[in-house]
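Just so it is clear, the structure is predicted and the values come from calculations on it, not from any experiment. Convention: sequence-line order gives letters A, B, ...; per-chain numbering from 1.
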There are 2 protein chains.
Amino acid sequence: MTPADSTAANELLAVRAAELYYEENKTQDEIGAILRVTRWKVGRLLAQARERGIIRIEIVHPRARRLALERDLAARFGLKDAVVVPAPADEVELQARVSEAAADWLVSHRPVPRLLGVSWGRTLHQVAEALPSGWSTAVNVVQINGGVSLSKRPGTAAATAVMIAQKAGGQATLLPSPAILERLETKKAIEGDRTVGGVLAMARGASAYLYSAGVADTSSVHVDSGYLTPADIARLVERGAVGDVIGRYITADGTIADPELDARTLGLGLEELRAAAWSILVIGGEAKHPVARAIVTHGLCSVLVTDEHTARALLDEHDASSPDLAPHDLATTASREDAP
Amino acid sequence: MTPADSTAANELLAVRAAELYYEENKTQDEIGAILRVTRWKVGRLLAQARERGIIRIEIVHPRARRLALERDLAARFGLKDAVVVPAPADEVELQARVSEAAADWLVSHRPVPRLLGVSWGRTLHQVAEALPSGWSTAVNVVQINGGVSLSKRPGTAAATAVMIAQKAGGQATLLPSPAILERLETKKAIEGDRTVGGVLAMARGASAYLYSAGVADTSSVHVDSGYLTPADIARLVERGAVGDVIGRYITADGTIADPELDARTLGLGLEELRAAAWSILVIGGEAKHPVARAIVTHGLCSVLVTDEHTARALLDEHDASSPDLAPHDLATTASREDAP
DNA sequence: CACCCATCTGCTCATGTGAGCACCACCCGC
DNA sequence: GCGGGTGGTGCTCACATGAGCAGATGGGTG
C-alpha cells in the first residue's frame, strides 16, 4: 500500500468516524467495532478530521463571539481585553449587537468600577439601553466631555449617562458645557467655573471610561449639533483627521488634527484616556474602520468592543500608519452620526 | 429572577460555554471557573446548546454521508441498508458521487458475494470505474440482462462487467443476447440456447445483484440502442411506465407496464430481483425520482444507494401509489441515458 | 543485505465527561 | 399557611477519552 493510498483511505475512514461520532453519537469504541479499527485509531482519525477541517463546528447565535479574533486583537494591540461579535449583514443590527456586547462586558467586568466616565453618542445610548436594570450596584457615572445641547436630539447625552447610572443604582454627574466653544477664552472661563471644573476633576478620577468615536465627515454629530460647519470638517479632513474621540479630532497617526480647535474642545484629554487603566472603546461598522484603527494602534483604548469585520480590518493592516491612506476618501464614506 | 430571565441568562451562558468548549478547547472544569458555575452546570449548558441547535456540527467532505436519511430510508422501506450522499449542485458530480458511494459499499460489504449479478448502463459503468483494483478477491461477475450491442457505445455493457470482475481478480460471464427481442419466439429460442440458458441459470444463483434504473422517456438508452422507438416509449408512458429495471419497464405500482414487451425482454425477472438476498440499486438525480420510488416502495431492492435529494423525495411521499401522479409528465422530464 | 529513520500501532494511565440520584427552592392550589 | 409538585443543583460513580510511550513496520540508503 503506497502512502498516498493509506492517506486517502484514512481520510475516508476519518469521514466515517466523524459521522458516527458527531452525528450518531456513538462512542469511539463502537465506531472502532464498525470500522474494524482499534478505538485509539478512531481517536486519531477524529483528531485528523478536526485538524483538516473536515469537521466544522459553528456556534450560531446572535450573542456569539469571535474569541480567536479577540485574542489576536489583544495580542497585536496590547489590549487588556477585546470583544468581537459576528457581523450581521444589516448595519443597524450590527450596531445593536456591538452595543449589547459592550453592555455584557460591563456587566461582567471585575472589579466593578466605582466611578465610570462616559462619553455620549448613538452607540453609547444603545449601550445604556442594553444594560439590564441592576447591572451593578452603586456605580456612579460622570460625563467626560461636553454635551449635545445644540443637537437635534436634546438631552440624549444626559439621558445616556443618567440611564447607565440609574440602572446600576448610582448617581450621574453631568458636564454642563458645550462640546466645543467658539472662543478659547470662553472655554477657559467655563473650565475654570467651579461646577465644570469639579466635574472635570471628578472625571479624571474615574476608574474606567466608556466611549465610542465618530467619523470625520459631514454627517458627524458635531455638524448636526452646529458645533462645526461642513467647512470645518473639510478643513479637518484636509489636515488628515479620520474621526473624533470624546470630541477631539485625530489623524491616522493618533495625533490631534487641529490643535487650535482642540484647545477649544472641553472635556477629558487624549492623554488621560491613554493613561487610564480601563478605557473601553465601543465601535462598529465599515465607516469607522479608519478611526478605530487610529485609536487602537495608538493606545487610546485598553478594551475594544467591535464587530468581526472591523476586527479583521484592524488585523489585516500591515502598517497602520502607511502613508498611502488617502484621507479625503474618508470624508466621502457614508456614515451616521455617532460621536463625540 | 423570573423564569424568562433565567432562561435568557442560561442561553447566554450556554453560548459562552460552547465557545470556550468547542473553539477554545477548554475543559468543562476550566469553563466552570471562567463562568463561575460548577462543571456539571457547564455540561448541562452544553447539552442544552446542542439540543437548541446553537452548536452546529457539519462534516464537510465529498465522501460524507447522510446517516440519518439512510436510517429513515431503511426503516420506511424495509431495506437491509441504504447509502445517501450529500447532493452536489452539479448533476454530473452527483452521478459520480453516487457511483463512488456504491463502490465503497461493495468494497466493505460482508459477506463478500461469491457471484455478483450486474446490469449495465452509465451509472454501473461509473461504479465499475470507481472500484479500486483488488477491491475484493475472487468475486465472479455475471450479466443479468441482455446487452447493448446495438448501442452507440458498443461494448459498454461487457466492459462494465469485465472491469468489476477484473478488479476483484474474478471472472466475468457475459450474457450474449440482445436486451429485447423483436419476436417472442426468438426470445424463447435464445433463452433455450445452452449458452444463454446457462448464463441465465448462473445469474439466478448470484448472491447479490447490482443495478441501476432508467427513466421512461425518449432519451432512454433503449431508444438510443434501437431496441425501442420513441413511439414505443410513448405507448409505455401511456400505460403508466415510469422507468425500467434491468430492461423491464414498470409503473409506479411496481408492476410490469407492458406484459407483451416484457415477455420479449431477456434477462432476470423482477421476482428474482425481489427474492434476492442482496439487490443493490444505484440511482441518483431528479429525473429518476419516480422510478426510484416505484422500485423502493415495491421491494425490488434491498439496498439503496442514492443522493440526498432523492432520499428526501422518497421519504416525503406520503402515499407512494397516490393516483394523482400524472404519468405522462414523466415522459417530458429531462434525463440522460442510463439503463436498463 | 543490513541498517536507520520515520511513521504508525496498540497500549497504560490520568483525566474529562455524562447518567443517575438525592436534595433543595420555589410555586401553586387548597 | 401547608403539602405537593416541578425544575434546577451538586454530587457519586462508571465510562469515555486523550496524552504519552514502547514496540512494530516499512521504505529508503550505504
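Within the 4.5 Å cutoff, the side chain of A:Tyr211 has no heavy atoms near those of the A:Ile280 side chain.
The CD atom of A:Glu30 sits 13 Å away from the P atom of D:dC15 (whole-angstrom rounding). Put simply, CD1 on A:Ile31 is 15 Å from C1' on D:dC15, counting in whole angstrom units. The separation between B:Leu20 atom CG and C:dT17 atom P is 12 Å, rounded to whole Å. We find that CG of B:Asp29 is positioned 7 Å from P of C:dG16, with the value rounded to whole Å. Summarising the geometry, the separation between NZ on A:Lys41 and P on C:dT7 is reported as 15 Å, rounded to the nearest angstrom. Whole-Å rounding puts the A:Arg36 CZ to C:dT9 P distance at 17 Å. Here D:dG18 presents its P atom at 12 Å from CD of A:Glu51, a figure rounded to the nearest Å. Spacing between atom CG of A:Asn25 and atom C1' of D:dA16 amounts to 13 Å, rounded to whole angstrom units.
Scanning for side chain to side chain contact (heavy atoms under 4.5 Å, CB included) contacts around B:Gln171 gives B:Asn140, with sequence neighbours left out.
Ring pair B:Trp105/B:Trp278 is tilted by interplanar angle, where 30° to 60° counts as tilted.
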Report all interatomic pairs (protein N or O, nucleotide N or O of nucleotides 18-20 of chain C) with separations under 3.5 Å.
residue : atom : partner : partner atom : Å
C:dG18  : OP2  : B:Gln28 : OE1          : 3.4
C:dG18  : OP2  : B:Gln28 : NE2          : 2.6

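The OG1 atom of B:Thr173 sits 9.0 Å away from atom CD of B:Gln143, with the distance rounded to the nearest 0.5 Å.
The side chain to side chain contact (heavy atoms under 4.5 Å, CB included) test with A:Val37 is passed by exactly one of A:Asn10, A:Ile31, A:Leu13: A:Leu13.
B:Thr27 places a side-chain N or O within 3.5 Å of a backbone atom of B:Glu30 that can act as its donor or acceptor partner.
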